[in-house]
2 protein chains.
Amino acid sequence: MKLNLLLTGNELMAGDIIDSNSSMIAQRIAPFGWRVSKKVTVGDDVDELCAEIESLSENADVLIINGGLGPTVDDLTAEAMARVAGVQVCEHPEALASLKAWCERRNYPLTEANYKQAVLPEGCGILANTRGSAVGIAMTHNDCLLLATPGVPSELDAMLDNAVMPMLEQRFSPGFIRTLRLGVFGLGESGIQEMINRELSDWPADIELGFRASMPVLEVKLTCRESIDPAHMAHWRGRVEALMADHLLGEIPVSLPSAVLEACKQQELRLCTAESCTGGLIASQLTAVAGSSAVFQGGIVSYSNGVKISQLGVDAQVLDREGAVSEAVVRQMLSGALAACGAEVGIAVTGIAGPAGGTADKPVGTVWIAWGGEASMHACELRLPFDRQGFQRWVAALGLDLLRRHVLGLPNMPNIVQRFVQS
Amino acid sequence: MKLNLLLTGNELMAGDIIDSNSSMIAQRIAPFGWRVSKKVTVGDDVDELCAEIESLSENADVLIINGGLGPTVDDLTAEAMARVAGVQVCEHPEALASLKAWCERRNYPLTEANYKQAVLPEGCGILANTRGSAVGIAMTHNDCLLLATPGVPSELDAMLDNAVMPMLEQRFSPGFIRTLRLGVFGLGESGIQEMINRELSDWPADIELGFRASMPVLEVKLTCRESIDPAHMAHWRGRVEALMADHLLGEIPVSLPSAVLEACKQQELRLCTAESCTGGLIASQLTAVAGSSAVFQGGIVSYSNGVKISQLGVDAQVLDREGAVSEAVVRQMLSGALAACGAEVGIAVTGIAGPAGGTADKPVGTVWIAWGGEASMHACELRLPFDRQGFQRWVAALGLDLLRRHVLGLPNMPNIVQRFVQS
């Protein structure tokens with residue numbers, strides 16, 4: 001099965017947005033052994049769209065068109081598809097019913113702009129959109145299946161699951177591919193590559209090994225044909241997992257917060273946070289995980305010294321003497337949070353995210369992290385060479401990983417932290 | 001000047017990496033009034049590369065090729081360019097000298113793999129690479145300037161500045177462009193389109209008007225030639241701003257949190273948060289802004305009822321009687337946070353993010369938001385039709401906007417909220 005991709009949008013051509021949709025589509029079809037052969041992106045111009053639909057459908061079995069289904073004048077996909085097929089656009093009863101239902105559920109009036117989304121090429125099929133007002137369009141041209149999908153990523157995501165993939169699976173025989181993705185934290189990409197070259201030089205040809213850095217977590221990807229012997233795959237999975245050792249978080253969709261929550265849940269530990277320089281990022285990452293309330297009790301964002309004193313019981317004299325970014329303060333922050341939230345374990349961080357606020361003694365990038373429980377508390381000082389946003393992301397990731405290691409009884413520090421440790 | 005773009009790489013086709021290079025290129029040429037007409041992405045296949053170079057160079061003045069210049073066997077750009085031009089690849093003295101200098105500076109041996117990067121199409125020009133080993137390639141074909149650039153973003157970045165842009169500026173006359181981006185919250189894309197159709201039907205042809213939805217904030221973009229009369233541009237900017245009215249946040253890079261912080265700063269108000277269902281997201285968005293510590297004091301993430309009682313002073317009986325998601329509790333949460341953090345204004349939220357936890361009375365998506373100060377407190381109940389992640393993002397955005405409106409003395413509610421209001 002040969003599949004091409006046509007993306008449309010002036011905002012894509014202007015570089016105002018970065019296209020993540022084509023990556024989503026490629027990843028969704030990969031397990032079936034399919035790939036995108038060619039991808040073309042053009043602006044919102046109906047003549048160019050027509051020319052590309054014509055040419056990309058000529059040598060392909062499927063052409064997925066993405067974008068241009070919305071309510072505004074620069075949404076031209078339906079018009080271009082109709083023109084290519086030599087038909088008119090007209091009111092599509094099913095699409096109109098779907099649009100009306102969508103508006104009703106949300107208490108929206110059905111405006112003229114929205115109505116445009118029910119005006120589709122005569123005789124086309126539609127693809128249900130469970131998350132937005134614009135249905136997708138299905139038709140055949142040049143013996144090629146044309147599928148028009150919405151540009152909003154969350155809507156595309158649902159439409160791929162509900163409509164596009166079932167249609168492709170029905171029409172074409174998949175050559176199923178099995179993929180295993182492992183989440184790893186605390187090893188760099190070149191570090192992993194070197195370990196693998198050294199320790200897994202006998203890696204077999206029938207399992208493909210890949211990496212993907214989505215910092216701070218790294219993804220190690222094993223891909224093979226579905227027909228492969230499961231024991232063979234299990235053996236090599238085991239070898240990789242052993243090599244990653246305590247840096248292995250688990251099988252994706254694992255994440256640092258989900259790994260911490262799972263570890264605490266298994267040990268029946270309640271969790272809390274006390275955040276200064278990350279300003280709530282750790283708590284928000286934990287609570288983004290569904291079901292986190294079973295473990296996570298709450299947290300204090302102690303951005304000012306006043307809140308450190310009043311809410312976390314940090315000693316004003318210690319704060320004055322040692323400074324807010326110090327071991328004494330971070331330990332008192334954690335103690336205070338554990339007591340305030342009624343939790344057994346927690347993470348506390350205090351540091352200088354920058355760009356301002358650094359001193360010769362404590363430059364921008366300095367952070368104290370404390371983790372563990374009242375009777376088993378650890379703390380360390382790190383100096384991180386990142387900008388404000390990177391600093392906050394890394395402090396959150398490191399805090400979560402240090403607690404994960406503590407709860408699971410793993411070695412104290414991930415490999416990558418060593419070079420940042422100050423004390 | 002017509003410019004096309006050809007990207008190459010199996011990792012792009014597989015969706016393992018998201019292409020940010022084409023956005024970088026588009027943004028770099030935009031101030032000169034140039035844009036990318038068409039963008040094609042193919043895998044590492046020399047026949048496909050040749051076909052695309054041939055076809056994309058036919059109707060263009062410039063074709064930028066990105067990727068495939070590296071040292072590995074799947075780097076095929078030089079070979080494809082040579083084949084299209086009908087010449088051989090051979091050792092390029094300048095490229096070899098540059099490669100040797102690069103290796104020496106880094107104390108690397110000149111390996112065979114690296115040497116491949118000095119084997120280029122006969123007679124081509126080179127583009128200096130100040131950050132990597134692979135030089136770029138310049139040649140002319142079909143009367144089109146072909147420029148091959150590296151796929152590593154940091155190397156591309158430098159090569160655009162040092163080699164590509166100077167060459168383009170020299171050969172083609174730029175038509176400098178001015179761009180203004182306005183951040184808007186609380187109007188939908190179709191809503192804005194309709195307002196503009198209705199109120200600005202006399203919009204002038206020499207200013208381009210565009211939209212970009214990066215939910216929850218919408219961007220309105222005005223673009224014109226640099227030669228335009230500033231008073232003319234100012235007039236139309238004023239018309240758009242008047243139309244957006246209280247939904248206008250300001251000129252981008254404004255964001256909801258930065259607008260709230262700025263409003264509070266001007267009125268010398270200290271700010272705090274009390275978050276249940278957003279779990280620290282509002283605080284982390286505020287503290288992602290550099291300089292937020294001048295305004296933001298801190299926040300309580302009261303995920304459990306225990307923390308609501310102990311840290312925010314919520315009455316246990318009220319909590320029991322009214323439930324955690326209620327007007328009485330959200331008001332007590334805000335009062336508690338204002339007192340705990342020593343702040344004059346704040347935002348409190350409590351709701352049901354889902355997927356579990358809903359009841360017939362209070363289904364998933366229900367949220368109570370309180371905002372303002374102790375003596376000027378407002379609260380409202382909303383029901384939001386989003387999944388967990390969307391719910392948390394929207395509650396954060398709405399909470400921030402409601403407080404922004406309060407501090408600035410604007411109408412209480414953004415347009416978009418009306419349909420979610422329960423009471």
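Just the heavy atoms: all of them, side chains too, but no hydrogens, waters or symmetry mates, feed the values below.
Chosen from Met24(B), Glu194(B), Glu48(B), the residue pairing most often with chain A at heavy-atom distances under 4.5 Å is Glu194(B). In terms of non-hydrogen atom pairs under 4.5 Å with chain A, the most contact-rich of Ala288(B), Gly342(B), Gly210(B), Cys277(B) is Ala288(B). With chain A as partner, the option from Ser20(B), Ala353(B), Ser37(B) having the largest number of non-hydrogen pairs under 4.5 angstrom is Ser37(B). Counting heavy-atom pairs closer than 4.5 Å to chain A, the top residue among Glu219(B), Met13(B), Arg383(B) is Met13(B).
Proximity to chain A is limited to the side chain of Arg181(B), based on heavy atoms less than 4.5 angstrom apart. With a 4.5 Å cut-off on non-hydrogen atoms, Ala30(A) does not touch chain B at all. Contacts between Ser133(A) and chain B at a heavy-atom distance below 4.5 Å are absent for every atom of the residue. No part of Val295(A) comes within reach of chain B, as not one of its non-hydrogen atoms sits under 4.5 angstrom from that chain. Proximity to chain B is limited to the side chain of Asn10(A), based on heavy atoms less than 4.5 angstrom apart. Using a 4.5 Å cut-off between heavy atoms, Thr278(A) contacts chain B through its backbone alone, with no side-chain atom that close. With a 4.5 Å cut-off on non-hydrogen atoms, Ala356(A) does not touch chain B at all. Both the backbone and the side chain of Asp16(A) come within contact range of chain B, each with at least one heavy atom under 4.5 Å from a heavy atom of that chain. Of the atoms belonging to Lys221(A), it is side-chain heavy atoms, and not backbone ones, that fall under 4.5 Å from chain B. Neither the backbone nor the side chain of Gln285(A) comes within contact range of chain B; no heavy atoms are under 4.5 Å apart. At a 4.5 Å heavy-atom cutoff, the contact between Gln392(A) and chain B is made by side-chain atoms alone. With a 4.5 Å cut-off on non-hydrogen atoms, Arg131(A) touches chain B through its side chain but not through its backbone.
To the nearest 0.5 angstrom, Thr41(A) atom OG1 is 8.5 Å from Leu5(B) atom CG. Taken from OG in Ser22(A) to CG in Asp19(B), the straight-line distance is 7.5 Å, to the nearest 0.5 Å. For the atom pair CD1 (Ile18(B)) and CD1 (Ile18(A)), the distance works out to 8.0 Å, reported to the nearest 0.5 Å. Rounding to the nearest 0.5 Å gives a distance of 7.5 Å between OG of Ser154(A) and CG of Asp387(B).
Arg35(B) places no side-chain N or O within 3.5 Å of a backbone atom of Ala14(A) that could act as its donor or acceptor partner. Between the side chain of Gln297(A) and the backbone N or O of Ser304(B) there is no donor-acceptor pair closer than 3.5 Å.
Looking only at side-chain heavy atoms (C-beta outward), Tyr303(A) and Cys272(B) stay at 4.5 Å or farther from each other.
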Query - Trace of the side chain to side chain contact (heavy atoms under 4.5 Å, CB included) decision for Lys39(A) with Lys39(B) - result: CA-CA 8 Å; Lys39(A) 177 172 89 181; Lys39(B) 178 171 89 179; 5.6 Å; no
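The local environment of CD in Glu208(A) is sparse, with at most 12 non-hydrogen atoms from other residues, nucleotides or ligands closer than 6.0 Å.
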